[in-house]
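Below is one structure, written out as structure tokens; comments come after it.
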Amino acid sequence: MEEPVFCDTPLLRVVYMSGGSEDGAPVLLLHGWPDDAATFAHVSPFLHAAGFRTFAPWLRGFGGTVFHSGETMRSGEIAAMAQDALDFADAIGLERFAVVGHDWGARIAYLLASVFPQRIRCCAALSLGWQPGSLPTPSLEQTRAFWYQWFMATERGEEFVRQHGHSFARFQWGSWSPPGWFDDALFERVARSFKNPDWPDVTLHSYRVRWGEADPDPRYAELARKQVEAEVISVPTLVLHGDDDRVVLPGSSEGKEEYFSASYERELLPGVGHFPTREAPEQTREALESFLTSFGRQ
């Protein structure tokens with residue numbers, strides 16, 4: 001695995017891993033919640049061998065990524081993290097790049113692809129379909145799977161996450177996929193990234209603001225407006241979704257073709273839950289390598 005390094009953006013000191021040839025086509029790898037940048041550890045070496053250069057940052061509130069100022073709102077908005085991604089790309093000198101995102105990272109990738117297509121060569125989203133506009137109320141089946149999001153909107157849920165974030169995150173790992181895909185040692189390695197003092201604030205705000213249960217950060221109002229107004233994604237897009245995802249139900253990513261004006265492909269991964277990079281790294285890297293080889297150098 002690559003050794004983490006850091007760079008500074010206007011708001012953050014971002015810790016990230018990079019690898020591959022210096023002149024390789026750049027790929028930004030964005031992790032989700034509750035996970036960290038190492039989720040791509042079994043994928044990125046194969047992308048390097050295929051001629052790509054990867055950059056995998058820890059998102060705000062995770063690992064060693066920290067805010068410069070204690071006064072900055074610890075927003076968990078997707079718009080905030082999308083701006084972080086652009087600021088990160090600017091800081092390391094990336095003008096145009098491919099983006100691969102899982103979970104939160106997929107939401108960020110969709111925003112970048114829909115609002116900033118001039119910066120994005122192609123977009124691969126793992127475990128999430130794109131829904132333009134404001135988020136609708138989910139189906140009852142999906143609402144049940146999102147219980148943890150409603151829990152965090154309550155005072156007792158907030159208290160629990162602040163006091164027991166480690167066990168809360170582990171419960172999600174054990175619930176979102178078929179059993180047996182991870183062991184304690186793996187989770188404990190990843191959970192070190194949740195010891196960041198901003199992790200509870202970013203986590204709680206992200207899920208609360210998503211459903212209108214918290215105020216957004218005014219800093220990102222314009223970008224959030226553009227996010228909601230975007231109607232189509234005009235860059236090539238790949239969706240990888242486990243067909244046994246027990247939190248973002250696989251049916252939720254069906255029937256999205258009309259929202260994409262360039263190449264669009266959705267692939268279901270049999271027997272895979274919510275963490276395809278960890279549960280099925282070989283299938284995931286083969287699909288990503290094929291997609292990026294076709295569209296990630298344009």
Side-chain angles (χ1 to χ4, degrees), residues 32-35 76-79 81 101-111 114 125-162 164-165 167-182 200 202-216 224 227-233 237 239-260 264-276 278-280:
W33 183 96
D35 209 337
E77 293 165 78
I78 296 303
M81 291 184 278
H102 170 246
D103 190 78
W104 283 15
R107 295 185 184 275
I108 298 167
Y110 283 138
L111 188 155
S114 61
L126 280 58
S127 309
L128 190 77
W130 188 51
Q131 177 64 55
S134 300
L135 285 177
T137 301
S139 68
L140 290 178
E141 187 179 16
Q142 183 62 75
T143 294
R144 179 174 60 185
F146 279 169
W147 72 268
Y148 65 103
Q149 300 188 21
W150 321 125
F151 181 58
M152 281 189 275
T154 69
E155 290 185 7
R156 292 190 182 194
E158 175 185 2
E159 181 181 8
F160 191 92
V161 170
R162 294 192 184 282
H164 308 290
S167 59
F168 187 69
R170 195 186 191 289
F171 189 84
Q172 314 313 322
W173 273 42
S175 304
W176 290 358
S177 299
W181 69 271
F182 71 96
V202 171
T203 292
L204 289 162
H205 186 258
S206 186
Y207 287 109
R208 287 176 161 182
V209 76
R210 182 178 300 178
W211 301 109
E213 301 297 331
D215 293 329
Q227 175 186 11
V228 171
E229 292 180 352
E231 297 179 347
V232 67
I233 288 179
T237 301
V239 177
L240 296 178
H241 205 158
D243 75 354
D244 202 359
D245 190 327
R246 301 179 184 186
V247 60
V248 181
L249 304 182
S252 66
S253 64
E254 289 179 350
K256 305 292 187 179
E257 291 81 3
E258 66 181 296
Y259 303 133
F260 299 85
Y264 175 76
E265 181 181 356
R266 172 179 176 265
E267 180 179 342
L268 287 179
L269 303 176
V272 176
H274 189 65
F275 299 89
R278 296 189 182 277
E279 298 175 58

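Fair warning: this is a prediction, and the values are worked out from it, not measured in the lab.
Qualifying ring-ring contact (aromatic ring centres under 6.0 Å, His included) partners for Y264, counting only residues two or more places apart in sequence or in other chains: F260. Every residue two or more places apart in sequence or in another chain was checked for a side-chain hydrogen bond (donor to acceptor under 3.5 Å, both in side chains) with R210, and none qualifies. Judged as a side-chain hydrogen bond (donor to acceptor under 3.5 Å, both in side chains), and not counting sequence neighbours, the contacts of E229 are R225.
Within 6.0 Å of CD in E257 there are more than 12 heavy atoms belonging to other residues, nucleotides or ligands. Heavy atoms of other residues, nucleotides or ligands lying less than 6.0 angstrom from CD of E141 number 12 at most. More than 12 heavy atoms of other shown residues, nucleotides or ligands fall within 6.0 angstrom of atom CG in L135.
Put simply, CH2 on W176 and CG on D103 are 6.0 Å apart, with the number rounded to the nearest 0.5 Å. Separating the CG atom in L128 from the OH atom in Y110 is a distance of 5.5 Å, to the nearest 0.5 Å. To the nearest 0.5 Å, atoms NE2 (H205) and CG (D215) are separated by 7.0 Å.
Panel note: side chain Q142, backbone L249; a donor-acceptor pair is recorded below 3.5 Å. Within the 3.5 Å criterion, the main-chain N or O of P276 finds no donor-acceptor partner in the side chain of W181. Of the possible donor and acceptor atoms, none in the side chain of E279 sits under 3.5 Å from a partner among the backbone N and O of V272.
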| message | Walk me through whether S134 and V228 qualify under side chain to side chain contact (heavy atoms under 4.5 Å, CB included). | response | CA-CA 6 Å; S134 300; V228 171; 3.7 Å; yes
Discussion item. Would E213 and Y207 count as a side chain to side chain contact (heavy atoms under 4.5 Å, CB included) here? Give the steps.
Written reply: CA-CA 8 Å; E213 301 297 331; Y207 287 109; over 6 Å; no
CA sep, side-chain torsions, deciding dist, call: H164, F160, ring-ring contact (aromatic ring centres under 6.0 Å, His included):
CA-CA 5 Å; H164 308 290; F160 191 92; 4.8 Å; yes
Problem set entry | side chain to side chain contact (heavy atoms under 4.5 Å, CB included) evaluation trace for W130 with S114 | CA-CA 10 Å; W130 188 51; S114 61; 3.9 Å; yes
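Among pairs with a residue in residues 242-256, those fulfilling side-chain hydrogen bond (donor to acceptor under 3.5 Å, both in side chains) read Q131-K256, H241-D245, H241-S253, D244-R246, D245-H274, S253-R266, at least two apart in sequence or across chains. The list of salt bridge (charged side-chain N to carboxylate O under 4.0 Å, His left out) pairs with a residue in residues 170-181, not counting sequence neighbours, reads R170-D184.
Counting all heavy atoms, side chain and backbone alike, M81 lies closest to S206 at CE-OG, 4.2 Å. Considering all non-hydrogen atoms of both residues, A106 and A125 come closest at CB-CB, 3.9 Å. What you find for P178 and G271 is that their closest heavy atoms are CG-O, 3.7 Å.
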For residues 146-154, please give each side-chain donor-acceptor pair under 3.5 Å, one per line with the distance, not counting sequence neighbours.
{"residue": "Q149", "atom": "OE1", "partner": "W211", "partner atom": "NE1", "Å": "2.7"}
{"residue": "W150", "atom": "NE1", "partner": "T143", "partner atom": "O", "Å": "2.9"}
{"residue": "W150", "atom": "NE1", "partner": "F146", "partner atom": "O", "Å": "3.4"}
{"residue": "T154", "atom": "OG1", "partner": "F151", "partner atom": "O", "Å": "2.7"}
{"residue": "T154", "atom": "OG1", "partner": "G157", "partner atom": "N", "Å": "2.9"}

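Aromatic ring orientation, H102 versus F275: tilted (interplanar angle from 30° to 60°).
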